[in-house]
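Notes for the one structure printed next.
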2 protein chains.
Amino acid sequence: MNNVLRMNTLRDSRREPNRAQVACSQCSLGELCLPKDLTDEEKSRFEQIVHRSRPIQAGEHIFRSGDEFKSVASVRTGCFKSYAIDHEGQEQVLGFHLPGEIIGLDAIHQGRHMANVVALDTSAICSLPFNAMTNLARSMPDLQNELFRVMSQRISELETIAGDLSADERIALFLVSLSGRFAKRGYSDKEFILAMSRRDIASYLRLATETVSRVLARFQQRGLIKVDRKQVRILDPDKLEEASRKTVQ
Amino acid sequence: MNNVLRMNTLRDSRREPNRAQVACSQCSLGELCLPKDLTDEEKSRFEQIVHRSRPIQAGEHIFRSGDEFKSVASVRTGCFKSYAIDHEGQEQVLGFHLPGEIIGLDAIHQGRHMANVVALDTSAICSLPFNAMTNLARSMPDLQNELFRVMSQRISELETIAGDLSADERIALFLVSLSGRFAKRGYSDKEFILAMSRRDIASYLRLATETVSRVLARFQQRGLIKVDRKQVRILDPDKLEEASRKTVQ
DNA sequence: CCCGAATACTGATCTATATCAACTACACCT
DNA sequence: AGGTGTAGTTGATATAGATCAGTATTCGGG
């Protein structure tokens with residue numbers, strides 16, 4: 001059992017100052033999480049099933065492979081990675097999750113989580129009980145649509161990374177995608193911190209860590225980016241974008 | 001506009017013999033398509049929104065990239081491939097679709113189909129208008145669950161093929177997966193026809209066509225399979241299964 | 001502030017698979 | 001039937017990126 005997703009106790013949820021912070025309408029994520037296009041009344045019904053968790057330390061897991069599927073999680077702050085263990089016992093990174101993104105939707109058809117999900121930073125999540133959510137979705141068309149939309153988006157994302165791309169294209173695409181996701185969240189799209197290690201990036205992009213180092217160094221030489229440890233600055237977004245598209249020979 | 005998914009005309013749907021064939025309860029697919037766990041009354045409501053198309057010739061498209069998203073399709077008979085065109089103008093195969101499988105769910109979040117879908121064989125589909133389906137899903141919990149389950153399954157499938165596998169593993173996995181899907185449909189899991197070309201297989205698995213030829217030849221030499229043109233017979237399912245798992249060194 | 005352990009970078013090889021180049025065998029048309 | 005085009009196979013070579021090896025940097029803990 002994982003205690004991270006444990007509901008706030010009744011006691012907690014009655015403490016009004018605390019409760020207020022939980023309200024989706026007050027949430028700093030705005031419309032990034034699910035409650036898109038909902039009326040105030042609908043939002044309030046939605047809030048009643050959402051549970052905000054205590055802070056999560058870097059390295060702490062919120063799902064483990066094999067866990068019974070009960071809830072999905074929405075990232076409030078911080079960063080998570082999800083990964084599976086292959087037959088060789090090697091970790092395989094499946095995705096990174098920023099604030100506003102929903103984690104755990106791939107667990108539905110098995111009824112169990114197949115991936116492990118771990119915090120890379122001090123983080124916070126909201127726990128969304130899936131049964132309650134689908135019940136609610138029945139009377140709230142926009143919520144149902146939003147759930148379908150989020151899943152469909154993940155399918156598209158995976159279709160991209162499954163494509164046959166060169167190392168340069170993969171890494172450029174990764175940086176461009178991160179940049180866009182940060183922008184959407186109100187952070188700088190030109191300068192950001194890579195919460196994940198080179199090893200994690202490599203695993204996610206199906207490359208060797210050495211290749212990640214080399215390509216980042218090469219991009220820096222070519223003046224596309226400036227990298228210092230985990231700090232990345234994008235100097236030439238257009239050329240980076242271009243590098244993410246297949247080189248026409 | 002694509003005319004394949006055009007609704008049966010009212011005239012057609014009133015012709016009882018024809019109409020009877022459309023009924024999901026009579027469909028040879030049984031529970032492979034969506035109507036799982038539905039009551040007879042629910043099935044009948046579902047049937048009212050489903051439209052069976054006329055036969056589709058090999059090479060005929062049922063969706064084109066950019067088409068407005070209105071319906072998903074369920075394969076009745078035959079085989080389809082979906083593909084995208086990359087920046088180089090190269091076709092990139094995204095998946096193959098057998099009877100009972102649902103096509104087009106990745107179009108939801110964009111509101112447009114991003115993939116092209118073409119018949120590889122003489123085929124038939126049912127067209128499922130998505131709006132009507134989600135409306136229906138609201139009063140039919142099992143239908144809603146089924147939609148989520150199908151999307152979740154596609155996410156898992158993509159997570160697999162996105163993994164970093166060797167050519168041998170990819171091809172073994174491809175054969176094992178096909179075998180399982182045929183079995184589920186009541187066909188032989190030991191002997192089947194590859195409706196798709198070597199080129200399509202290669203594109204789907206992100207390999208060169210030459211590599212596909214060579215690996216199939218090697219599998220035959222090792223006594224795992226017998227290949228003759230498009231006909232495949234699986235001689236040693238256990239060893240093939242084993243070959244699909246990463247070699248432990 | 002120092003030390004050991006991660007983590008990251010760089011250079012030297014190796015290798016799986018792509019690419020290039022013939023060649024073969026059907027499949028389809030007239 | 002014969003001819004032509006497409007799909008598949010097989011061999012030779014090239015190469016992107018993995019692996020191996022060594023060094024540098026950062027970080028956490030006493």
Side-chain angles (χ1 to χ4, degrees), chain A residues 57-59 81 86 88 90-93 118 120-122 161 163-174 193-222 225-232 243 246-249, chain B residues 57-59 81 86 88 90-93 118 120-122 161 163-174 193-222 225-232 243 246-249:
Chain A
Q57 304 300 323
K81 78 169 174 192
D86 69 19
E88 274 177 274
Q90 293 302 303
E91 184 181 308
Q92 178 104 9
V93 175
V118 63
L120 296 174
D121 254 349
T122 305
I161 103 134
D164 68 334
L165 306 168
S166 70
D168 281 28
E169 286 158 9
R170 275 173 202 276
I171 291 180
L173 208 54
F174 175 68
I193 302 290
L194 301 172
M196 65 296 288
S197 67
R198 299 288 192 268
R199 195 170 194 283
D200 287 339
I201 299 173
S203 170
Y204 176 60
L205 299 175
R206 287 66 166 114
L207 298 171
T209 62
E210 294 93 329
T211 305
V212 174
S213 276
R214 278 188 256 264
V215 174
L216 288 177
R218 216 181 303 142
F219 281 179
Q220 175 157 305
Q221 275 164 32
R222 287 167 52 190
I225 58 173
K226 173 93 181 64
V227 207
D228 177 28
R229 208 73 189 152
K230 293 189 171 300
Q231 179 94 20
V232 175
K246 208 147 207 157
T247 331
V248 182
Q249 58 272 33
Chain B
Q57 304 301 321
K81 78 169 175 193
D86 70 19
E88 274 176 273
Q90 292 303 303
E91 184 180 308
Q92 177 106 8
V93 175
V118 63
L120 296 175
D121 254 348
T122 305
I161 103 135
D164 67 334
L165 305 168
S166 70
D168 282 28
E169 286 157 9
R170 274 173 203 277
I171 291 180
L173 208 54
F174 175 69
I193 302 290
L194 300 173
M196 64 296 290
S197 68
R198 299 289 192 268
R199 195 170 192 283
D200 287 339
I201 298 173
S203 171
Y204 175 60
L205 299 175
R206 287 65 167 118
L207 297 171
T209 62
E210 293 94 328
T211 305
V212 174
S213 273
R214 278 188 256 264
V215 173
L216 287 177
R218 217 182 303 143
F219 281 179
Q220 175 157 304
Q221 275 164 32
R222 287 167 51 191
I225 58 173
K226 174 92 181 63
V227 207
D228 177 28
R229 209 76 187 148
K230 292 190 171 300
Q231 179 95 19
V232 175
K246 209 147 209 158
T247 332
V248 182
Q249 57 272 32

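First the proteins, then the strands, lettered A, B, ... as listed; each starts at 1.
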Next item on the list: May I have the distance from B:R198 (atom CZ) to C:dT17 (atom P), rounded to whole angstrom?
Entry: 18 Å
Item checked: Per-nucleotide protein contact string for nucleotides 24-30 of chain D, where B marks a base within reach and S marks sugar-phosphate only (heavy atoms under 4.0 Å, - for neither) -> --S----
Check: Under 4.5 Å between any side-chain heavy atoms of B:L207 and B:I171, yes or no?
Finding: yes
Next item on the list: Rounded to the nearest angstrom, tell me the gap between atom CZ in A:R218 and atom C1' in C:dA8.
Entry: 16 Å
Checklist line | Under 4.0 angstrom between B:R199 side-chain N/O and D:dA7 OP1 or OP2 | finding: no
Check: Considering residues at least two apart in sequence or located in another chain, which fulfil the side chain to side chain donor-acceptor pair (under 3.5 Å) criterion with A:E210?
Finding: none
Notebook entry, point to check: Rounded to whole angstroms, how far apart are CG on A:L165 and C1' on D:dA16?
Noted result: 14 Å
Check: What integer distance in Å separates B:E91:CD from D:dA7:P?
Finding: 11 Å
Margin query: Could you work out, with side chain to side chain donor-acceptor pair (under 3.5 Å) as the rule, every residue matching B:Q231, not counting sequence neighbours?
Written below: B:E191
Checklist line | Heavy-atom neighbours of A:R206 CZ exceed 12 at 6.0 Å | finding: yes
Next item on the list: Over all heavy atoms of both residues, which pair between B:A58 and B:L120 is shortest? Give the atoms and the distance, please.
Entry: CB-O, 3.6 Å
Check: side chain to side chain contact (heavy atoms under 4.5 Å, CB included) with B:E91: which residues, sequence neighbours excluded?
Finding: B:K81, B:Y83, B:I85, B:V93, B:D200
Check: Roughly, in whole Å, what's the span from NZ in B:K230 to P in C:dA27?
Finding: 10 Å
Notebook entry, point to check: Shortest non-hydrogen contact from B:T211 to B:A167?
Noted result: CG2-CB, 3.7 Å
Next item on the list: Assess whether side chain to side chain contact (heavy atoms under 4.5 Å, CB included) is satisfied between A:D164 and B:Q92, documenting all intermediate values.
Entry: CA-CA 9 Å; A:D164 68 334; B:Q92 177 106 8; 3.2 Å; yes
Next item on the list: Determine yes or no for a side-chain-to-main-chain donor-acceptor pair under 3.5 angstrom, with A:Q220 supplying the side chain and A:V227 the backbone.
Entry: yes
Next item on the list: For B:Q90 and C:dT19, give me the distance from atom CD to atom P, rounded to whole Å.
Entry: 10 Å
Item checked: Close approaches to DNA chain D from residues 202-214 of chain B, in residue order (heavy atom, under 4.0 Å) -> B:E210, B:S213, B:R214
Margin query: Could you tell me how far apart A:M196 (CE) and C:dA8 (P) are, to the nearest whole angstrom?
Written below: 12 Å
Note to self: In whole Å, I'd like the distance from the CZ atom of A:F219 to the P atom of C:dC9.
What the structure shows: 14 Å
Item checked: Distance-minimising heavy-atom pair for A:F219 and A:A243 -> CZ-CB, 4.5 Å
Notebook entry, point to check: Angle, rounded to 10°, between the helical axes spanning five pairs at each terminus of the helix from C:dC1-D:dG30 to C:dT30-D:dA1?
Noted result: 50°
Check: So, the side chain of B:R170 versus the backbone of B:I161: is there a donor-acceptor pair under 3.5 Å, distance only?
Finding: yes
